[in-house]
Protein chains: 4
Amino acid sequence: MKKNKPKYNLIIDAAVDVIAENGYHGSQVSKIAKKAGVADGTIYLYFKNKEDILVSVFEEKMGQFIEQIASATSQRETASDKLLTLIQMHFRQLAANHHLAIVTQLELRQSNLTLRHQINSILKPYLDVIDGIIKEGIEQKIFRNDMNKQLMRQMIFGTLDETVTNWVMNEEKYDLVGLAPAVHDLLTKGIMVR
Amino acid sequence: MKKNKPKYNLIIDAAVDVIAENGYHGSQVSKIAKKAGVADGTIYLYFKNKEDILVSVFEEKMGQFIEQIASATSQRETASDKLLTLIQMHFRQLAANHHLAIVTQLELRQSNLTLRHQINSILKPYLDVIDGIIKEGIEQKIFRNDMNKQLMRQMIFGTLDETVTNWVMNEEKYDLVGLAPAVHDLLTKGIMVR
Amino acid sequence: MKKNKPKYNLIIDAAVDVIAENGYHGSQVSKIAKKAGVADGTIYLYFKNKEDILVSVFEEKMGQFIEQIASATSQRETASDKLLTLIQMHFRQLAANHHLAIVTQLELRQSNLTLRHQINSILKPYLDVIDGIIKEGIEQKIFRNDMNKQLMRQMIFGTLDETVTNWVMNEEKYDLVGLAPAVHDLLTKGIMVR
Amino acid sequence: MKKNKPKYNLIIDAAVDVIAENGYHGSQVSKIAKKAGVADGTIYLYFKNKEDILVSVFEEKMGQFIEQIASATSQRETASDKLLTLIQMHFRQLAANHHLAIVTQLELRQSNLTLRHQINSILKPYLDVIDGIIKEGIEQKIFRNDMNKQLMRQMIFGTLDETVTNWVMNEEKYDLVGLAPAVHDLLTKGIMVR
DNA sequence: GATGAATGAGTTTTCATTCAT
DNA sequence: TATGAATGAAAACTCATTCAT
């Protein structure tokens with residue numbers, strides 16, 4: 001969060017709203033400027049180009065998103081509890097912010113590859129949090145030690161992401177946060193009976 | 001697959017190549033026409049518009065993709081074996097077709113929402129195959145009966161999709177098909193020690 | 001009228017209908033071909049190009065139109081009666097043929113200058129008929145001898161044309177033929193009281 | 001005339017020239033922009049689309065045209081004098097502006113029906129001027145009271161329009177303004193000897 | 001810092017016409 | 001004669017970005 005740059009945050013927040021309302025391709029710079037209450041040219045005093053607005057949106061919003069999760073999980077003891085907390089926080093934050101959910105799950109994915117790569121870098125700290133929990137779980141002898149850790153992380157992240165995307169595409173008609181325990185159960189114990 | 005429409009398939013295949021090589025946004029109709037060896041106008045004898053080419057690409061290719069998987073899984077007895085086969089076939093087909101993997105995992109996701117919804121409909125039969133395996137597994141008392149079946153499917157599909165996307169974004173540097181048993185193991189038994 | 005060329009007339013008549021129904025710019029060659037029940041390519045066995053179809057439409061239809069008028073006026077004695085007959089026939093024929101009225105008064109005027117010049121040549125015999133009546137009227141000492149004859153013809157034709165165009169643009173809501181005597185009266189005696 | 005919008009008028013005037021020189025169908029937006037000395041995109045800051053340029057051209061130019069005529073006729077006493085003045089002004093203005101004459105008599109008529117209807121609305125005030133003169137003439141007992149007034153107006157406008165169109169199509173080879181008295185004489189007294 | 005008028009590159013789609021059968 | 005699949009040229013419009021004020 002850039003401090004003492006009120007227009008910077010004005011533009012970021014306007015961008016989230018405009019993209020959520022008009023879709024990625026319907027979000028012209030002039031529309032964002034209008035929503036933010038600044039002139040088109042002013043945008044370019046704070047952002048290099050349009051792509052930079054979008055990267056910054058993701059950076060700012062995901063930054064907060066990840067911080068919240070990192071902070072919350074650090075307060076739990078076992079890796080299993082940490083994972084449940086991560087799932088709950090992941091769902092809770094997106095469920096609480098309708099526009100952000102649409103932008104991250106649907107709209108920003110329509111961007112070009114360059115932007116997608118930048119988005120991936122921004123996501124890196126989140127994947128690191130997951131990796132940390134996995135490592136801890138193994139050390140605590142709670143999680144399996146015979147498995148490719150990268151694969152474990154891909155299963156966790158892939159499952160959460162797919163679950164949220166389905167929920168958004170179903171117009172958020174059911175309770176996402178309520179699914180957290182079941183998702184945790186499935187991820188930890190698998191789909192097979194024991 | 002439209003039979004006896006040689007130009008139709010010529011254009012579909014050209015589209016896959018052009019999109020894989022130039023990216024979604026760099027794929028002008030004229031480029032596809034040139035690669036297919038037909039005139040620009042000919043495209044419009046077979047497709048309503050540019051979006052229709054992309055939908056058709058996905059339709060044709062995913063149609064074959066799903067058929068292969070449906071056919072292969074039907075030859076296995078237990079739901080667990082079917083799931084392993086599905087994972088293997090999923091990975092094998094995309095690993096075997098570099099261009100198709102890029103197009104489905106990266107390029108086609110840059111499309112607008114209308115197109116994304118159409119893509120989802122095309123994907124529906126694949127999700128049905130997964131749902132069928134889950135149902136069978138429960139009947140065979142192999143898979144858990146206490147879990148939200150939609151969530152189980154989302155975990156399976158989300159994990160496969162994330163795994164393949166990671167592999168493509170890592171420039172396909174490692175053996176994707178070799179990961180199938182581990183992915184199967186994780187999905188069925190979870191990440192926790194028993 | 002080309003004899004023994006059934007497809008020729010089929011195409012001409014189809015063209016009138018298609019233009020009346022779809023407007024000048026909505027009348028593609030393929031639409032005319034379809035309406036005529038022939039293949040697109042067949043059109044080019046009878047007409048040099050699209051413009052040639054339109055010229056021929058006007059030629060055929062106006063040919064009949066003018067013949068009717070020339071024949072009817074020749075049966076009247078005085079130039080004044082001939083003029084009344086001409087006006088009546090002009091109005092009657094267009095009132096009787098809705099599609100033809102739309103095509104000649106509105107649609108064909110949207111054509112380019114080349115076509116407009118050709119249309120003018122086709123109209124020449126009609127102007128000749130008017131000129132003949134004027135000349136006869138002067139010889140009969142019924143019409144004024146002190147006036148520019150070309151101007152007299154322009155007044156007559158301009159008035160008829162404007163009257164019909166207004167009637168077509170008003171969706172032919174009133175009785176056009178019934179106006180003939182009044183138009184004749186105005187043209188011969190002018191708008192001023194005597 | 002939009003005041004203080006220099007680019008607006010620059011584009012309007014460029015459009016008249018370009019259309020007169022290249023014809024209606026040969027007048028690309030880019031050609032008009034180039035002639036006006038602005039970028040293509042600038043056109044769209046002042047006009048909704050290409051058709052809007054054409055409507056505006058007619059609006060501006062006919063607005064001035066009609067104002068001149070309305071002002072000049074109002075300074076004459078009798079309806080007959082007013083009519084003569086109207087004819088003179090009509091001819092004089094078009095004779096004085098070669099490009100405008102071509103555009104109004106030939107090029108703008110090639111437009112589609114939507115545009116033609118808009119052109120008709122713009123022409124309405126001119127027809128109102130004619131109607132006013134007719135009404136006045138009847139009140140002054142100069143013009144006939146036994147005639148359909150709409151028909152009288154159609155004769156006047158149709159005659160002027162046909163006369164000017166003939167003159168333009170004959171490459172303006174003779175003196176149009178000099179014809180005014182004869183046209184006035186024909187319109188008021190008709191073609192018949194008394 | 002802030003403005004917003006001006007720029008101009010870039011692409012899908014239509015449709016008259018051809019020609020191998 | 002007749003067909004109809006194939007051709008390919010041609011143009012309006014959008015919008016990210018700049019820069020004089």
Side-chain angles (χ1 to χ4, degrees), chain A residues 5-8 10-11 25-34 36-54, chain B residues 5-8 10-11 25-34 36-54, chain C residues 5-8 10-11 25-34 36-54, chain D residues 5-8 10-11 25-34 36-54:
Chain A
K5 292 275 187 182
K7 299 225 167 152
Y8 177 88
L10 229 41
I11 294 166
H25 288 109
S27 298
Q28 295 81 358
V29 171
S30 60
K31 232 179 226 164
I32 296 173
K34 192 169 192 178
V38 302
D40 292 15
T42 305
I43 298 265
Y44 291 86
L45 298 174
Y46 294 93
F47 301 91
K48 222 172 69 242
N49 50 35
K50 186 181 179 182
E51 193 167 292
D52 190 29
I53 309 175
L54 301 172
Chain B
K5 290 274 187 183
K7 301 243 155 122
Y8 177 89
L10 228 44
I11 294 165
H25 288 109
S27 297
Q28 295 82 351
V29 170
S30 61
K31 232 177 227 165
I32 296 173
K34 193 167 192 178
V38 301
D40 292 15
T42 304
I43 299 266
Y44 292 87
L45 296 176
Y46 296 93
F47 302 90
K48 227 173 59 242
N49 50 36
K50 188 181 179 182
E51 190 168 299
D52 191 29
I53 308 176
L54 302 171
Chain C
K5 292 276 188 182
K7 299 226 165 152
Y8 176 89
L10 229 41
I11 294 166
H25 288 110
S27 297
Q28 294 82 359
V29 171
S30 61
K31 231 178 227 164
I32 295 173
K34 192 168 192 179
V38 301
D40 293 16
T42 305
I43 298 266
Y44 291 85
L45 298 174
Y46 295 93
F47 301 90
K48 222 171 70 240
N49 50 35
K50 186 181 180 182
E51 192 167 294
D52 191 28
I53 308 174
L54 302 172
Chain D
K5 290 273 186 183
K7 302 244 155 122
Y8 177 89
L10 227 42
I11 294 165
H25 289 109
S27 296
Q28 295 83 350
V29 170
S30 60
K31 231 177 228 166
I32 296 173
K34 192 168 192 178
V38 302
D40 292 16
T42 305
I43 299 265
Y44 293 89
L45 296 176
Y46 296 93
F47 302 90
K48 226 172 61 243
N49 50 36
K50 189 182 177 181
E51 189 168 296
D52 191 31
I53 308 176
L54 301 171

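In what follows, chains carry the letters A, B, and so on, assigned in the order in which the sequence lines appear, proteins first and then strands, with residues in each chain numbered from 1. Heavy-atom basis, side chains included; hydrogens, waters and symmetry copies ignored. Quick caveat: nothing in here was measured; it's all calculated off a predicted structure.
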Could you check how far [atom1] of [X] sits from [atom2] of [N], rounded to whole Å?
{"X": "A:K48", "N": "F:dT17", "atom1": "NZ", "atom2": "P", "value": "10 Å"}
{"X": "D:L10", "N": "E:dA5", "atom1": "CG", "atom2": "P", "value": "17 Å"}
{"X": "C:I32", "N": "F:dG4", "atom1": "CD1", "atom2": "C1'", "value": "17 Å"}
{"X": "B:I43", "N": "F:dA6", "atom1": "CD1", "atom2": "C1'", "value": "12 Å"}
{"X": "D:K50", "N": "F:dA11", "atom1": "NZ", "atom2": "P", "value": "8 Å"}
{"X": "C:Q28", "N": "E:dT17", "atom1": "CD", "atom2": "P", "value": "13 Å"}
{"X": "D:K34", "N": "E:dG8", "atom1": "NZ", "atom2": "C1'", "value": "13 Å"}
{"X": "C:D40", "N": "E:dC15", "atom1": "CG", "atom2": "P", "value": "12 Å"}

Check: protein-nucleotides 19-21 of chain F nitrogen or oxygen pairs below 3.5 Å:
none

Heavy-atom pair with the smallest gap, counting every atom of D:S27 and D:I32 =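 Heavy-atom minimum between the residues: O-CD1, 4.5 Å.
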
Side chain of A:V29 only, please: which of E:dT3, F:dT3, F:dT17 is the nearest?
->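 For A:V29, the side-chain atoms sit closest to F:dT17.
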
Residue B:L45, side-chain atoms from C-beta onward, closest of F:dA2, F:dA5, E:dG8 |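 Within the option list, the nearest is F:dA5.
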
Tell me, please, which residues at least two apart from C:K50 pass side chain to side chain donor-acceptor pair (under 3.5 Å).
->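 For C:K50, no residue satisfies side chain to side chain donor-acceptor pair (under 3.5 Å) once neighbours in sequence are set aside.
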
How would you label the contact of B:Y46 with the nucleic acid (heavy atoms, under 4.0 Å): base, sugar-phosphate, or nothing?
->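 Sugar-phosphate, no base atom in range.
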
Partner residues of A:D52 under the side-chain contact (heavy atoms from CB on, under 4.5 Å) criterion, sequence neighbours left out =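 A:D52: side-chain contact (heavy atoms from CB on, under 4.5 Å) contacts with A:F47, A:K48, A:N49, A:S56.
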
Considering residues at least two apart in sequence or located in another chain, which fulfil the side-chain contact (heavy atoms from CB on, under 4.5 Å) criterion with D:Y46?
->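 D:Y46 satisfies side-chain contact (heavy atoms from CB on, under 4.5 Å) with D:K5, D:K7, D:Y8, D:I11, D:T42 only.
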
More 5' along DNA chain F: C:V38 or D:E51, using each one's nearest nucleotide?
->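 That would be C:V38.
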
With a cut-off of less than 4.0 Å, is there a side-chain N or O of [X] near OP1 or OP2 of [N]?
{"X": "D:T42", "N": "E:dA6", "value": "no"}
{"X": "C:S30", "N": "E:dC15", "value": "no"}
{"X": "D:K7", "N": "E:dA6", "value": "yes"}

Base-paired stems that DNA chain E participates in, counting runs of 3 or more Watson-Crick or G-U pairs under 3.5 Å |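 Result, WC/G-U stems under 3.5 Å: E:2-21 with F:2-21.
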
